[in-house]
Trainee: 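Take a look at the following structure, please.
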Amino acid sequence: MFPFQFSKKAASPSFLPSFLFLPSFRPPSPDKIERERDKKKKRILDLTRERERDMMERREEEEEDGHQHDIEIEGKESSPKGMRQPLLLHKHSSGGRINRTSQIAIVGANLCPIESLDYEIVENDLFKQDWRSRTKSEIYQYVVLKWTLALLIGLGTGLVGFFNNIAVENIAGFKLLLANNLMLKERYYQAFAAFASCNVVLAAAAGALCAYIAPAAAGSGIPEVKAYLNGIDAHSILAPSTLFVKIFGSIFGVAAGFAVGKEGPMVHTGACIASLLGQGGSRKYRLTWRWLRYFKNDRDRRDLITCGAAAGVAAAFRAPVGGVLFALEEAASWWRSALLWRTFFTTAVVAVVLRGFIEFCRSGRCGLFGQGGLIMFDVNSAPAIYGTPDLLAVIFLGVIGGIFGSLYNYMVDKVLRTYSIINERGRSFKVLLVICISFLTSCCSYGLPWILQCTPCPAHSEEECPTIGRSGNYKNFQCPPNHYNDLASLFLMTNDDAIRSLFSSSTEKEFQISTLLVFFAAIYFLGIVTYGIAIPSGLFIPVILAGASYGRLVGTFLGPLSGLDAGLFALLGAASFLGGTMRMTVSLCVILLELTNNLLMLPLVMLVLLISKTVADGFNKGVYDQIVKMKGLPYMEAHAEPYMRNLVASDAVSGPLVTFSGVEKVGNIIYALKITRHNGFPVIDEPPFSAAPELCGLVLRSHLLVLLKGKKFTKQRVMTGKEILRRFKAHEFAKPGSGKGLKVEDLDIKDDEMEMFVDLHPITNMSPYTVLETTSLAKAAVLFRELGLRHLCVVPKTPGRPPIVGLLTRHDFMPEHVLGLYPHLHSHK
């Protein structure tokens with residue numbers, strides 16, 4: 001029998017010699033065996049030619065669709081014609097089902113190949129031998145290292161968060177002081193030129209970093225981190241270059257006055273720090289620690305990156321509990337109690353680090369940092385007393401927030417698709433787009449205050465009026481003495497200071513109704529057109545600013561009719577807009593309460609978040625879910641689609657399926673690795689190693705490459721598991737991290753070695769997860785997602801058939817594949 005097998009769906013006994021299925025049989029003659037081998041080889045060649053033809057057609061279609069994206073791969077740029085989701089529709093072919101969902105997706109501003117992560121524990125003989133050989137001290141070292149890494153992630157993220165804030169406050173403070181001094185001298189044109197020039201230079205620096213060094217650093221980064229924790233990996237998503245650009249690009253972008261925040265990028269930054277520490281450094285940059293070999297697997301890295309994402313939120317908002325809940329509610333797809341403890345410990349370390357540096361800076365040793373940055377608004381000393389009219393107003397805010405939030409998500413989606421047309425011409429056009437948006441933002445920030453009248457300074461104000469300096473609630477701008485421009489007081493300060501002013505209860509009559517209307521419209525518009533350009537940009541800050549504007553507007557209208565002051569209404573407006581755009585509830589509620597240090601507002605914040613999320617869900621999905629889908633990331637949802645209940649697991653299996661024998665010929669393995677991109681191969685034990693064909697397990701491509709490179713071959717088809725266990729160690733099969741692992745081209749196999757055999761049993765996962773072919777596809781999808789699988793084996797229900805029907809991967813659960821196979825199910829979607 002020829003051991004190397006292809007099958008379209010592996011559902012017919014004709015794919016194996018018929019004598020193997022008899023309960024008892026006489027050994028066949030050599031001539032019969034040769035005839036079987038000839039038939040098998042002919043069938044393999046036919047299927048291979050067909051497979052290669054299908055792959056060529058698929059590549060052509062992906063190239064055509066790939067031109068519709070803003071692509072940069074290996075320094076070359078494509079010519080996209082418009083953004084669309086890169087998941088391709090399934091088409092039937094005469095060779096069986098071929099899954100045509102795309103293996104590429106957009107990461108940041110870059111189109112790159114993607115693959116699934118191996119969150120499952122590969123329980124092969126090498127793994128078992130490694131665990132049996134570990135001493136108690138090594139196990140203790142492993143546990144201690146986990147907590148040490150959590151500590152280092154917290155320290156690193158806290159330091160980066162403080163550095164980001166101190167850099168933004170000093171750079172933006174210098175820019176605002178320069179413009180303000182020129183305004184005081186009535187040199188208005190020079191003030192605008194200086195203001196706009198500083199913004200453009202900073203914006204161009206941020207855009208150039210993203211366009212030329214790390215395109216994956218563009219955008220928020222939360223969708224990419226969310227996809228990674230769901231089991232999707234892409235090149236450079238957590239690379240050191242991405243970390244570098246994320247830090248400095250975010251500093252330059254926020255300091256340039258864009259309507260963006262540093263909170264989203266901080267989540268990505270924390271994940272990058274965790275990845276860099278967890279993989280033992282970077283081989284590419286010659287920064288490695290061999291004693292971290294225990295963590296060179298996707299399962300442990302997933303836990304560390306979850307801690308990093310939570311630490312990023314804690315560093316951005318000084319909200320340690322909110323960071324944990326954000327990771328639980330929004331980022332992570334898999335959770336357990338031990339991870340909860342480590343995540344909480346990490347965010348607590350971040351909070352301690354930030355608190356220490358804030359105390360250090362209170363003495364004025366941090367330049368222009370002062371009280372700005374590290375948002376801890378401490379905004380309200382006003383009592384939170386409310387009645388029935390206030391509850392009605394809160395319900396109204398929730399409805400408005402849901403409507404505005406869903407419209408915001410819709411417009412962001414359209415703008416992202418439009419920007420891809422501009423970006424298609426190359427990196428220079430990306431930077432040019434960033435410069436244009438920067439100039440537009442400068443014109444709005446400097447020009448809009450001129451259209452409103454000046455306001456007399458309040459008679460008994462605790463603060464200086466008009467303000468002399470970069471910060472303060474009363475900007476003089478172009479006004480006469482003892483007057484201030486309230487719109488300039490919002491535009492010509494950092495976003496953190498603007499939020500603090502809107503939330504403040506001590507400046508109840510500072511802002512006019514017309515000012516709040518103009519500021520809301522401007523921030524709403526600028527937030528939409530800014531997100532999607534080639535800079536690290538977060539959505540939290542523009543959404544909080546816009547929500548606080550219309551919330552304070554409602555509070556101003558109600559006036560004496562309400563027991564809540566305008567600052568509290570601003571907080572509720574921000575909560576409603578956040579709930580309408582991001583569709584989070586628990587984590588947002590806790591983050592806002594930690595931000596404002598006002599626990600008395602808990603019931604109202606909960607109510608407004610629930611209402612806004614409910615209203616917005618009636619229109620579209622949350623902004624991060626929309627971006628994940630638009631980027632083409634094959635994200636597995638927590639629930640199965642309704643139409644999946646009408647199908648069984650075997651209905652979604654695609655082929656051709658490639659299997660190996662337990663002891664396989666080297667040439668067959670090399671050939672299969674070259675003509676397929678599969679990352680997992682079922683291993684079938686056959687006579688004389690078993691009484692009948694049976695599923696032995698699953699072997700990974702990466703493990704096959706390491707085994708072949710070791711060249712532990714034999715001339716006879718015999719099992720050599722003990723010799724392989726002595727020759728190899730488990731850590732040799734560990735994932736190489738962000739560096740590139742072995743490829744087929746790296747192997748140096750001679751012609752005579754191609755005819756030799758290799759035993760696959762020691763590296764085969766003997767206990768892969770399996771489902772019966774009659775299992776509901778919905779149940780299979782939930783199982784796949786909850787267990788964090790990369791491959792799910794589908795086995796036959798009845799005996800006397802080949803031991804495996806096929807493999808299910810995350811691409812087989814995608815709507816593009818399933819609905820492409822069964823278009824009539826569209827009505828059940």
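Numbering of residues begins at 1 and proceeds along the displayed sequence.
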Trainee: Rounded to the nearest 0.5 Å, how far does CZ of F252 lie from CD1 of I535?
Mentor: 12.5 Å
Trainee: What about F520 and F404, are their ring centers closer than 6.0 Å?
Mentor: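 Ring centres of F404 and F520 closer than 6.0 Å.
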Trainee: Walk me through whether F519 and F511 qualify under ring pair (Phe, Tyr, Trp, His ring centres under 6.0 Å).
Mentor: CA-CA 10 Å; F519 186 73; F511 303 107; 8.3 Å; no
Trainee: Search all heavy atoms of C307 against all heavy atoms of L339 and return the closest pair with its distance.
Mentor: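 So the minimum-distance heavy-atom pair works out to SG-CD1, 4.2 Å.
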Trainee: Given the rule in the side chain to side chain contact (heavy atoms under 4.5 Å, CB included) test, do S250 and V254 qualify, once you have shown the distances and angles that lead to the verdict?
Mentor: CA-CA 6 Å; S250 177; V254 175; 4.3 Å; yes
Trainee: State, yes or no, whether a side-chain contact exists between T269 and T157 at a heavy-atom distance under 4.5 Å.
Mentor: no
Trainee: Is the closest side-chain donor-acceptor distance between S587 and E330 under 3.5 Å?
Mentor: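 No pair is found: no donor N or O on one side chain lies under 3.5 Å from an acceptor on the other.
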Trainee: Please answer whether the main-chain N or O of R552 pairs with a side-chain N or O of T556 as donor and acceptor at a distance below 3.5 Å.
Mentor: yes
Trainee: Identify whether NZ of Lys or CZ of Arg in K226 sits under 6.0 Å from the centre of the six-membered ring of Y624 and within 45° of that ring's axis.
Mentor: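 So K226 doesn't make the cation-pi contact.
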Trainee: With heavy-atom distances below 4.5 Å as the criterion, would you say the side chains of L502 and L490 are in contact?
Mentor: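 Contact flag for L502/L490 side chains = yes.
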Trainee: Could you walk me through whether E786 and S333 pass the side chain to side chain donor-acceptor pair (under 3.5 Å) test, one step at a time?
Mentor: CA-CA 8 Å; E786 292 299 322; S333 297; over 6 Å; no
Trainee: F491 versus N485: any side-chain heavy-atom pair under 4.5 Å?
Mentor: no
Trainee: Does the pair K621 and D413 meet the rule for a salt bridge (charged side-chain N to carboxylate O under 4.0 Å, His left out), with working shown?
Mentor: CA-CA 11 Å; K621 290 186 176 182; D413 181 82; over 6 Å; no
Trainee: Do D486 and T515 have side-chain N/O donor and acceptor atoms under 3.5 Å apart?
Mentor: yes
Trainee: Under the side chain to side chain contact (heavy atoms under 4.5 Å, CB included) rule, what do R318 and I358 come out as? Steps first, then yes or no, please.
Mentor: CA-CA 11 Å; R318 281 182 63 193; I358 288 175; 3.0 Å; yes
Trainee: Determine whether L553 and L517 make a side-chain contact, defined as any pair of heavy atoms from C-beta on separated by less than 4.5 Å.
Mentor: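 A side-chain contact exists here, since the closest heavy-atom pair is under 4.5 Å.
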Trainee: Does Y410 have its ring centroid less than 6.0 Å away from the ring centroid of F619?
Mentor: no
Trainee: Check K262 with D496, please: is the shortest side-chain N to carboxylate O separation under 4.0 Å?
Mentor: yes
Trainee: I'd like to know if the side chain of R785 reaches the main chain of M636, judged simply by a donor and an acceptor atom lying under 3.5 Å from each other, with no hydrogens or angles considered.
Mentor: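 Such a contact is found between R785 side chain and M636 backbone.
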Trainee: Of the non-hydrogen atoms in A203 and A256, which two are nearest, and what is the gap between them?
Mentor: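 Shortest heavy-atom contact: N-CB, 3.9 Å.
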Trainee: Tell me, please, which residues at least two apart from A319 pass side chain to side chain contact (heavy atoms under 4.5 Å, CB included).
Mentor: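 Applying side chain to side chain contact (heavy atoms under 4.5 Å, CB included) to A319 gives F317, I591, E594.
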Trainee: Side chain to side chain contact (heavy atoms under 4.5 Å, CB included) for F326 and V590? Distances and angles first, verdict last.
Mentor: CA-CA 9 Å; F326 174 85; V590 174; over 6 Å; no
Trainee: Could you tell me which non-hydrogen atom of A393 sits nearest to which non-hydrogen atom of L558, and how far apart they are?
Mentor: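 So the minimum-distance heavy-atom pair works out to CB-CD1, 3.5 Å.
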Trainee: Side chains of P536 and I247: does their closest heavy-atom pair fall under 4.5 Å?
Mentor: no
Trainee: Between S612 and L609, is there a donor-acceptor pair closer than 3.5 Å when you use the side chain of the first and the backbone of the second?
Mentor: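 Yes, because the side chain of S612 sits within donor-acceptor range (under 3.5 Å) of the backbone of L609.
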Trainee: Would you say the side chain of T530 lies within less than 4.5 Å of the side chain of P542, judging by non-hydrogen atoms?
Mentor: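 When only atoms from C-beta onward are counted, T530 and P542 do not touch, as no gap falls below 4.5 Å.
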Trainee: Please check this pair: side chain of T581 against backbone of L578, looking for a donor-acceptor N/O pair closer than 3.5 Å.
Mentor: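 Checking the backbone N and O of L578 against the side chain of T581, a donor-acceptor pair under 3.5 Å is found.
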Trainee: Would you name the heavy atoms of T346 and A311 that are closest together and state the gap between them?
Mentor: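 Here T346 and A311 meet closest at CG2-CB, 3.8 Å.
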Trainee: Just by distance, do the side chain of S504 and the backbone of S501 share a donor-acceptor pair under 3.5 Å?
Mentor: no
Trainee: Is the gap between the ring centers of Y550 and Y524 under 6.0 Å?
Mentor: no
Trainee: Say whether R583 and N620, considering side chains only, have a donor N or O and an acceptor N or O under 3.5 Å apart.
Mentor: yes
Trainee: Determine the minimum heavy-atom distance between G257 and T441, stating which atoms define it.
Mentor: O-CG2, 3.3 Å
Trainee: If you measure from CG on N199 to CG on L440, what distance do you get to the nearest 0.5 Å?
Mentor: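 The distance works out to 11.5 Å.
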Trainee: Looking only at side-chain N and O atoms, does S220 offer a donor or acceptor that is under 3.5 Å from a partner on E263?
Mentor: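 Not at all, the side chains of E263 and S220 share no donor-acceptor pair under 3.5 Å.
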Trainee: Hey, is the main chain of T343 close enough, under 3.5 Å, to the side chain of T347 for a donor-acceptor pair?
Mentor: yes
Trainee: With rounding to the nearest 0.5 Å, note down the distance linking OG in S438 to CG in L433.
Mentor: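 So the gap between those two atoms works out to 11.0 Å.
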Trainee: Does L564 reach the side chain of L572, with side-chain heavy atoms less than 4.5 Å apart?
Mentor: yes
Trainee: Are the side chains of V434 and F258 in touch, meaning some heavy atoms are under 4.5 Å apart?
Mentor: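 When only atoms from C-beta onward are counted, F258 and V434 do touch, with a gap below 4.5 Å.
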Trainee: From T494 OG1 over to L176 CG, what is the distance, rounded to the nearest 0.5 angstrom?
Mentor: 7.5 Å
Trainee: If the test is side chain to side chain contact (heavy atoms under 4.5 Å, CB included), which one of I528, V623, D625, I627 qualifies with N409?
Mentor: V623
Trainee: So how far is it from L516 CG to S549 OG, rounded to the nearest 0.5 Å?
Mentor: 6.5 Å
Trainee: Could you tell me the separation between the CG atom of L545 and the CD1 atom of I499, rounded to the nearest 0.5 Å?
Mentor: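 Between atom CG of L545 and atom CD1 of I499 there are 4.5 Å.
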Trainee: Could you tell me whether a side-chain N or O of H268 sits under 3.5 Å from a main-chain N or O of I237, the two making a donor and an acceptor?
Mentor: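 Yes, H268 side chain to I237 backbone: donor-acceptor pair under 3.5 Å.
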Trainee: Which is it for W335 and T306 under the side chain to side chain contact (heavy atoms under 4.5 Å, CB included) test, yes or no, and what are the steps along the way?
Mentor: CA-CA 9 Å; W335 200 263; T306 303; 3.5 Å; yes
Trainee: Any idea which heavy atoms bring R810 and F784 closest together, and the distance?
Mentor: N-CZ, 3.5 Å
Trainee: Could you tell me whether a side-chain N or O of K613 sits under 3.5 Å from a main-chain N or O of G579, the two making a donor and an acceptor?
Mentor: no
